[in-house]
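These notes concern the structure reproduced below.
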Amino acid sequence: MKKILVIHGPNLNLLGTREPAVYGRVTLVKINQMLKAQAKKDKVVLVIKQSNHEGEIVDLIGNAGKNKFQGILINPAAYTHTSVAVRDAIAACGLIVVEVHLSNIYSREEFRHKSLISPVAKGTIMGFGAKSYSLGLSAILDLIEVK
Ligand code: DQA
């Protein structure tokens, strides 16, 4: 059985009302429903977490192997650009990690152009709104082999 952890970083709980010109009107609840429906079709166990706290995200990643996850789909949100701790947790976890963003970070402010996460992720999908998540989940599922 494939088991995937989805992590939404800070402020993504506000989707729907947060800067709709950038992120659209889709809520996090909707994104999670879409991911669950996608996972159900493939008989995948999906555990979804949202946190505004860096240390909590580090713990989720650090415990993912022990908790029998084979892959992590993560939108690190603002921590993409700032968090060496999240980057190091990903580098250490030994799991397939796919980074996703709703927006194209390279078409935005310059401070968003640097991702500390991309060099340690298997790959990054961005710029497709909520669709970035479903593309990311498909990519992880293609890569994971169930032992
Ligand atoms: C984001 C892009 C980040 O720069 C920003 O801080 C976010 C959301 C995205 O999904 O487009 O919170 O990760």
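Values in this document were obtained by computation on a predicted structure and should not be read as measured data. The first residue of the sequence shown is numbered 1, and numbering continues consecutively from there. One-based numbering, in listed order, for ligands and for the atoms of each. As a basis for the values below, the full set of heavy atoms in this structure was taken, side chains included, without hydrogen atoms, waters or symmetry mates.
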For this session: For residues 107-120, pull every pair meeting salt bridge (charged side-chain N to carboxylate O under 4.0 Å, His left out), keeping only residues two or more places apart or in separate chains.
Result: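 Counting only pairs at least two positions apart or across chains, the salt bridge (charged side-chain N to carboxylate O under 4.0 Å, His left out) contacts touching residues 107-120 are E109-R112.
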Expected rows: ligand 1 N/O, protein N/O, dist below 3.5 Å:
residue  : atom   : partner : partner atom : Å
ligand 1 : 4 (O)  : H81     : NE2          : 2.7
ligand 1 : 4 (O)  : R112    : NH1          : 2.9
ligand 1 : 6 (O)  : A78     : N            : 3.3
ligand 1 : 6 (O)  : R112    : NH1          : 3.0
ligand 1 : 10 (O) : N75     : ND2          : 2.8
ligand 1 : 10 (O) : L102    : N            : 2.8
ligand 1 : 11 (O) : L102    : N            : 3.3
ligand 1 : 11 (O) : S103    : N            : 2.9
ligand 1 : 11 (O) : S103    : OG           : 2.6
ligand 1 : 12 (O) : R18     : NH1          : 3.1
ligand 1 : 12 (O) : R18     : NH2          : 3.0
ligand 1 : 13 (O) : N75     : OD1          : 2.8
ligand 1 : 13 (O) : H101    : ND1          : 2.8

For this session: Could you tell me whether the side chains of E54 and N52 share a donor-acceptor contact shorter than 3.5 Å?
Result: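 Not at all, the side chains of E54 and N52 share no donor-acceptor pair under 3.5 Å.
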Exercise. Does a donor on one side chain sit under 3.5 Å from an acceptor on the other, for T124 and S118?
Worked result: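 Yes, because at least one side-chain N or O of T124 sits under 3.5 Å from a partner of the opposite role on S118.
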Exercise. Members other than I105 in its cluster, when Ile, Leu, Val, Met, Phe, Trp, Tyr link by side-chain heavy atoms under 4.5 Å?
Worked result: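 Members besides I105, by chain and number: Y106, M126.
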Exercise. Can you name the side-chain contact (heavy atoms from CB on, under 4.5 Å) partners of A37, sequence neighbours left out?
Worked result: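 Partners of A37 under the side-chain contact (heavy atoms from CB on, under 4.5 Å) test: none.
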For this session: Please confirm whether Y133 and H8 have ring centers closer than 6.0 angstrom.
Result: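 Judged by ring-centre distance (under 6.0 Å), Y133 and H8 do meet the cut-off.
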